[in-house]
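So you know, we letter chains A, B, ... as the sequences are listed, proteins then strands, and number each from 1. Side chains are part of it too, since the values below use all heavy atoms of this structure and drop only hydrogens, waters and symmetry mates. Nothing here was measured: the structure is a model prediction, and the numbers come from that model.
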Amino acid sequence: MKTLIIAEHNQHALKAATLVTLGAAQQLGQPIDLLIAGHEISELSQDAATIAGIDRVLTWDHAMLAIPFSETLAPVIANLRSQYSHILLASSSFGKDLAPRIAALCGVNALSDVIEIISPNQYKRPIYAGNAIATVKNSASCQILTIRTSAFSAPTHEPTASLAQVHALSVELPHSPVRFVKQTLSESSRPELNSAEIIVSGGRAVGSEANFSVIYDLADKLGAAVGASRAAVDAGYIANDLQVGQTGQVVAPSLYLAVGISGAIQHLAGMKDSKVIVAINNDPEAPIFSVADYGLVADLFDAIPAMTARL
Amino acid sequence: MNTNHLKAIVAIKRVIDYNVKVRVKADLSDVDLSNTKMSMNPFCEIAVEEAVRLKEAGIVDDILVVSIGPKNCQEQIRSALALGADRGLQVECDVSASPLDVARILQKIQQEEGADIFLLGKQSIDTDNNQTGQMLAALLDCPQATCASRIQIEQNKAIVTREVDGGLLTVEMPLPVVITTDLRLNEPRFAALPKIMQAKRKPLAVKTLADLDIKLTTDIELISVSSPAHRQAGIMLNSVDELISTLRSDAQVQIPKHGEEA
Ligand SMILES: Cc1cc2nc3c(=O)[nH]c(=O)nc-3n(C[C@H](O)[C@H](O)[C@H](O)COP(=O)(O)OP(=O)(O)OC[C@H]3O[C@@H](n4cnc5c(N)ncnc54)[C@H](O)[C@@H]3O)c2cc1C
């Protein structure tokens, strides 16, 4: 049998999360097809065909797919199910929105946030904010999985000369009742949270949107991405998509600096697999210190500018 | 005042209270929930609150709260009634229902109810699946708006702002619709004592899976549950200088030297 990966892209390049999903898919040890749905994607598809490990690139090009909605994609993908034993998506907001809709149309359950592939039908996934790890067996005829990208890595192979076949799907566009109104993207020149080597996260203690410059300055010195706790996002100091935690982004960088963050279980769920954790907090009793490799009890408004100045 | 007379169904789940850290059973068969404080899943609470606000705005005039679980999930249904829902329905189920089971049960209920708006939490904080709303929308062949942080209902349309990777996405869709709630949609109120008393007299029906002609799915089997790798508490440092030099000597990360941009 074969595996199908549903690509996420920005029209010009595949998202890093899709490459990581490919890394996970290779562990299943069977041929891999990549579906690219979008508009004006021929160049992107040609590029994808050079990625080692992909057997076929399926393309579905339509003006209505420039902003793809799950209502449109799911029925078409569900119709491909007889050809695939596994359909994989990244556990991104796109993948989480789409995978269950495909699964329900196939009449099967989906598995969210797979962190380990034990065999082609046994997996590990975190439950209870990562405070427990479930081992599950999936006996669905077509298994639909979302992959937690912080737990896998992209393949490291060089592009291959033997191109994958590019095959255009000929399908009718399902009617979509959804109309796009607007999109507010948080533009940033900093690295993306889910692929950054270093992340500096600020919590409620940062105190205001303006004060976050303290965090940005340090992040820029370190070439780091910026993250936040829910409290900082709720208070409007920083954009919603930078929330790290059980219900936000799950990250595992080489270095995670938690600044003025108490360390609630919901926050820890999103960062406790980081390689090195540093906590800076003025309360020596803060729970964040119990997971930190290095702790510093200090006022962030003294310690962070001092760090920035010394780097 | 808008008189839309819409009907809303809110599906809620009884889960471990979000302040409690779960323990894994010694035999690794599952987590241990005995003597654990249980509450309404926080995202479900946000969904109930939103339905009540739509009712207060004169847009919705009937809110049915459904919970699928053993008898004690009636406590959470009563809490939702105290917050302002009109009717409750418990679907008796003593084992853990999968997201597809819940979606199929809600689809059956929809055949009798004909609701215009489904409000569900985006995920439950126990199984962390984030699937049920999307599955229900697929089964009903209706649009879905997941991770909502703003909802407007106008002339049989929903205009929903969704929290997505990279920012916010606003979409418009005709009713009926399934909406799943994110954290920033609203802040749920606390029920006042008189409302809690009133809630005891609100109707709460009970149905069985057999009444709804539902057989639970078996495709996902829980083999075992383990504790995650434990992280040792590390070293407390005394100064920013010590922190920087420690990080520099820790081979796992590259910290730029003074004056050198990363
Ligand atoms: C359903 C649900 C889902 C959730 N999901 C998430 C999630 O995904 N991510 C998340 O982060 N949270 C999440 N939360 C919220 C979580 O429970 C905490 O409320 C939140 O993480 C707290 O954020 P904080 O640490 O910034 O704030 P606080 O807990 O208020 O901590 C602030 C910290 O700053 C320290 N401090 C104060 N002043 C200074 C100073 N001058 N210098 C240094 N330190 C200082 C304090 O000692 C304190 O430890 C969720 C909650 C629920 C109910």
Main-chain N/O of [Y] paired to [X] side chain as donor or acceptor, under 3.5 Å:
X: A:Ser139; Y: B:Asp219; result: yes
X: B:Gln134; Y: A:Lys96; result: yes
X: A:Arg125; Y: B:Asp128; result: yes
X: B:Glu172; Y: A:Val181; result: no
X: B:Arg231; Y: A:Lys272; result: yes

>> Do B:Arg248 and A:Leu311 have side chains that approach each other closer than 4.5 Å (heavy atoms only, starting at C-beta)?
In response: yes
>> Measuring only between side-chain heavy atoms, which start at C-beta, is A:Leu255 closer than 4.5 Å to B:Ile255?
In response: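 In contact.
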[X] versus chain A, the contacting section by heavy-atom distance below 4.5 Å:
X: B:Thr161; result: neither
X: B:Ile244; result: side chain
X: B:Ile16; result: side chain
X: B:Ala103; result: neither
X: B:Leu243; result: side chain
X: B:Lys122; result: side chain

>> I'd like to know if the side chain of B:Gln131 pairs up with that of A:Ser112 as donor and acceptor (distance under 3.5 Å, no hydrogens or angles considered).
In response: yes
>> Hydrogens and angles aside, do B:Thr217 and A:Asn109 bring a side-chain donor and acceptor to less than 3.5 Å of each other?
In response: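 A pair is found: one side chain offers a donor N or O, the other an acceptor, under 3.5 Å apart.
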>> Given heavy-atom pairs under 4.5 angstrom as the criterion, report whether the side chain, backbone, both or neither of A:Gln143 touches chain B.
In response: neither
>> What part of A:Ala298 gets within 4.5 angstrom of chain B, counting heavy atoms only: side chain, backbone, both, or neither?
In response: neither
>> Heavy atom to heavy atom, less than 4.5 Å: which residues from residues 18-39 of chain B reach chain A?
In response: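 Against chain A, the residues of residues 18-39 of chain B that fall inside the cut-off (heavy atoms, under 4.5 Å) are B:Tyr18, B:Val20, B:Lys21, B:Val22, B:Val24, B:Val31, B:Leu33.
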Heavy-atom neighbours of [X] [atom1] exceed 12 at 6.0 Å:
X: B:Gln110; atom1: CD; value: yes
X: A:Asp299; atom1: CG; value: yes
X: B:Arg53; atom1: CZ; value: yes

>> Looking at chain A, which one of B:Ala145, B:Gly133, B:Cys142, B:Ala158 has the largest number of heavy-atom pairs inside 4.5 Å, strictly under?
In response: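 The candidate making the most pairs under 4.5 Å is B:Cys142.
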> Does B:Asp165 pair with A:Lys15 as a salt bridge, N-O distance under 4.0 Å?
Replying inline: no
